[in-house]
Structure formats: C-alpha cells, structure tokens
**Q** 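Here it is: the structure, laid out below.
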Amino acid sequence: MPAVRLAPSILSADLGRLADDITRAEAGGADVIHVDVMDGRYVPNLTFGAGVIAAAHRVTSLPIDVHLMVVEPERYLEPFAGAGASIFTFHPNATRHVQRHLVAARELGMRAGLALNPADPLTLVAEVLHDLDLLLLMTVNPGFGGQRYIPASTDKIRRARALLDGHGGRIWLEVDGGITLETIAQAWQAGADTFVAGSAVFGTPDPETALRALRRRCAVDV
C-alpha cells in the first residue's frame with residue numbers, strides 16, 4: 001500500500017498564530033500544508049488568496065497543497081504559482097477547459113489536481129488521467145469545515161483507487177471532509193493515501209499529537 005500523507009488544513013488554524021500552527025503541524029509529521037481557497041460563488045464561504053499562500057510558503061518547506069473552490073480557477077494559476085503553491089487542485093465543473101488548465105498548472109511548476117464533490121461521478125476525471133497528479137474526493141459537501149464524513153464516500157474511494165491503479169497508480173488519492181480518528185482508518189483501507197484534516201488537528205490542544213494519532217490509525221484494520 002502507498003505511504004500515508006497527512007495534509008493539515010489551515011482553514012481550522014488560528015490565523016493570528018498561523019506561523020506557529022504550521023510549525024507545530026510540521027513537527028507533528030505533516031507531509032503537506034493544505035490551503036482552501038473559496039470565492040463566495042462556487043461555495044458560499046470566502047477564505048484565502050495568494051497572500052496567505054505566500055505567508056505559508058515563507059514559514060515551511062513543505063509543499064503547499066491548494067484546493068480551489070472557485071469559479072474560473074484558471075484566473076489563479078499564475079498568482080498562486082508565484083505565491084509558492086505546489087499543488088493546484090480545482091473542480092472540473094467550475095471551468096470549461098479542464099485539460100488545458102491541468103497542463104498549465106504543470107507548466108508553471110505545480111502538480112495538477114482535480115476535486116470531485118460527493119455527487120460528482122468519477123467519469124469526470126477518466127479522460128484526463130494522463131494530465132493528473134492528484135485526485136481529491138470531497139467526503140463532505142464543500143464550503144465549510146467541521147462537517148461529518150459522508151459514509152457512502154468509502155465505496156467511492158474504493159472505486160477511485162481501482163481507477164487510478166488501472167492507470168498506473170502514480171496519482172495521489174486525497175480525501176477531504178470529516179477526517180477524524182474514527183474515519184481515517186476506513187478511508188485508508190479503501191485506498192486513499194492523502195488525508196486533509198482541519199479541526200481534527202487544529203481544533204485540538206496539541207496538533208503534533210493529533211497528527212501522530214491520525215497516522216497511527218492508518219495501521220488499524222477496520
């Protein structure tokens with residue numbers, strides 16, 4: 001099985017202590033730092049932009065994993081690459097020319113990712129696997145942190161794992177939404193290898209201990 005990657009989401013961090021929270025996550029074994037970008041159109045919430053990406057990039061050498069819940073994500077390709085984004089993930093139903101933008105992300109030095117909402121079929125990514133480095137499955141409906149994991153997501157993870165393995169298995173399979181000590185093990189067993197966790201990390205008194213506990217849970221049979 002692939003290595004476990006933990007991607008703490010700064011959506012749940014204390015923005016007044018962002019550098020400290022990122023440093024603590026790194027000390028706890030985080031593999032990437034996850035940044036959620038929302039525009040108030042694709043989802044109702046508003047969050048971060050290039051300035052926060054740049055701030056995160058200044059305080060860590062970890063990859064910056066940016067998930068765009070925005071309309072016309074192509075408008076952010078160059079600004080986010082310039083700010084230090086390492087992974088550029090967007091929703092295929094938020095733009096017209098998906099393959100073009102995946103290629104553009106790679107040309108700008110970023111890994112190219114696509115995100116699927118709970119109701120989105122895997123067929124939305126099947127034709128662009130050659131241009132894909134990461135597939136993000138939303139295990140909640142996007143827009144807000146702290147939601148509960150949708151149980152049907154586990155079967156979708158299994159089917160996504162089979163799709164990616166059939167292509168060669170180099171594409172990361174990331175899950176985001178409701179990842180806790182109770183849900184990370186089943187998502188791992190289903191085939192996910194990269195886990196976004198917000199409140200399960202930064203909503204605890206000790207993010208370092210929380211991250212280590214999440215990683216240990218991936219060794220548990222469910």
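This structure is a prediction, so every number in the text was calculated from the model and none was measured. Numbers for residues simply follow the sequence, beginning at 1.
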**Q** Considering only NZ, NE, NH1 and NH2 on the basic side and carboxylate oxygens on the acidic side, decide whether R75 and D39 come within less than 4.0 Å.
**A**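 No salt bridge links R75 with D39.
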
**Q** Starting at CE of M69, measure out to OG1 of T89 and round the result to the nearest 0.5 Å.
**A**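 M69 atom CE to T89 atom OG1 measures 10.5 Å (nearest 0.5 Å).
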
**Q** Would you say E174's side chain and A192's backbone share a donor-acceptor pair under 3.5 angstrom?
**A**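 Looks like no, no N/O pair under 3.5 Å.
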
**Q** Any salt bridge linking D20 with R24? Criterion: basic side-chain nitrogen under 4.0 Å from a carboxylate oxygen.
**A**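 No salt bridge links D20 with R24.
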
**Q** CZ of R58 to CD1 of I64: how many Å apart, nearest 0.5 Å?
**A**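 Here the interatomic distance stands at 11.0 Å.
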
**Q** Are V4 and L134 connected, step by step, through hydrophobic side chains (Ile, Leu, Val, Met, Phe, Trp, Tyr) whose heavy atoms are closer than 4.5 Å?
**A**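 As far as the 4.5 Å side-chain criterion goes, L134 and V4 are not connected within one cluster.
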
**Q** With heavy-atom distances below 4.5 Å as the criterion, would you say the side chains of L129 and H167 are in contact?
**A**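 In short, these two side chains touch, coming nearer than 4.5 Å.
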
**Q** Keeping the roles fixed (side chain from S86, backbone from M110), state whether a donor-acceptor pair exists under 3.5 Å.
**A**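 Pair absent, no side-chain N/O of S86 close to backbone of M110.
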
**Q** Tell me if a side-chain donor or acceptor on T183 pairs with a main-chain N or O of G178 at a distance below 3.5 Å.
**A**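 Yes, because the side chain of T183 sits within donor-acceptor range (under 3.5 Å) of the backbone of G178.
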
**Q** Verify, without hydrogens or angle tests, whether T139 (side chain) and Y149 (backbone) share a donor-acceptor contact under 3.5 angstrom.
**A**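 It does not hold such a pair.
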
**Q** Only pairs at least two apart or in different chains count here, so list each salt bridge (Lys or Arg N to Asp or Glu O under 4.0 Å) that has a residue in residues 119-142.
**A**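 Residue pairs passing salt bridge (Lys or Arg N to Asp or Glu O under 4.0 Å), neighbours aside: R106-D133, D133-R170.
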
**Q** Look only at the side chain of S12 and the backbone of S199, and say whether a donor-acceptor pair between them is shorter than 3.5 Å.
**A**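 Judged by distance alone, yes, a pair lies under 3.5 Å.
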
**Q** Going by atom types only, do D36 and H34 share a side-chain donor-acceptor pair under 3.5 Å?
**A**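 There is such a pair (donor and acceptor under 3.5 Å, judged by atom type) between the side chains of D36 and H34.
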
**Q** Measure the CZ-CZ distance between R215 and F195 for me, rounded to the nearest 0.5 Å.
**A**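 Going from CZ on R215 over to CZ on F195, the span is 10.0 Å.
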
**Q** Find out whether L114 and F90 are in side-chain contact, i.e. whether some heavy atom of one side chain is under 4.5 Å from a heavy atom of the other.
**A**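 Side-chain contact under 4.5 Å: yes.
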
**Q** Are there over 12 heavy-atom neighbours, none belonging to R159, within less than 6.0 Å of that residue's CZ?
**A**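 Count over threshold, so yes.
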
**Q** With a 4.5 Å cut-off on side-chain heavy atoms, are V175 and T194 touching?
**A**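 T194 does not reach V175 side chain to side chain.
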
**Q** Is there a chain of hydrophobic side chains (I, L, V, M, F, W, Y, each step under 4.5 Å between heavy atoms) that links V43 to V52?
**A**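 Yes; tracing contacts between hydrophobic side chains, which count when under 4.5 Å, links both residues.
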
**Q** Please check: side-chain N/O of D65 versus main-chain N/O of V32, any donor-acceptor pairing under 3.5 Å?
**A**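 No, because the side chain of D65 does not come within donor-acceptor range (under 3.5 Å) of the backbone of V32.
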
**Q** Assigning hydrophobic clusters by single linkage (Ile, Leu, Val, Met, Phe, Trp, Tyr; side-chain heavy-atom cutoff under 4.5 Å), is V37 placed with L136?
**A**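 No; L136 is not reachable from V37 via cluster members.
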
**Q** Give me the one residue out of Q99, R100, H101 that meets side-chain contact (heavy atoms from CB on, under 4.5 Å) with V103.
**A**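 Per the side-chain contact (heavy atoms from CB on, under 4.5 Å) rule, the option paired with V103 is Q99, out of Q99, R100, H101.
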
**Q** Can you tell me how far apart CZ (R5) and CH2 (W172) are? Round to the nearest 0.5 Å.
**A**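 The CZ atom of R5 sits 4.5 Å away from the CH2 atom of W172.
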
**Q** For D14 and G16, indicate whether the former's side chain and the latter's backbone hold a donor-acceptor pair under 3.5 Å.
**A**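 Present.
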
**Q** Verify the cluster assignment for I87 and V59: are they in a single hydrophobic cluster under the rule of side-chain heavy atoms below 4.5 Å apart?
**A**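 No; tracing contacts between hydrophobic side chains, which count when under 4.5 Å, never links both residues.
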
**Q** Nearest 0.5 angstrom please: K156 NZ to L137 CG, how far?
**A**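 The NZ atom of K156 sits 6.0 Å away from the CG atom of L137.
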
**Q** In this structure, which one of I10, I33, V66 forms a side-chain contact (heavy atoms from CB on, under 4.5 Å) with I53?
**A**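 Of I10, I33, V66, side-chain contact (heavy atoms from CB on, under 4.5 Å) with I53 is met by V66 alone.
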
**Q** List the residues meeting ring-ring contact (aromatic ring centres under 6.0 Å, His included) with Y76, not counting sequence neighbours, and say none if there are none.
**A**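 If we apply the ring-ring contact (aromatic ring centres under 6.0 Å, His included) test to Y76, skipping adjacent residues, the hits are F80.
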
**Q** Would you say Q186 and T154 are linked by a side-chain donor-acceptor pair, where the criterion is simply a distance under 3.5 Å?
**A**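 T154 vs Q186: donor-acceptor pair found between side chains.
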
**Q** Keeping the roles fixed (side chain from D31, backbone from L6), state whether a donor-acceptor pair exists under 3.5 Å.
**A**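 The answer is yes, because a donor-acceptor pair under 3.5 Å joins these two groups.
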
**Q** To the nearest 0.5 Å, what is the distance between CH2 on W188 and CD1 on I157?
**A**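 Here the rounded value is 12.0 Å.
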
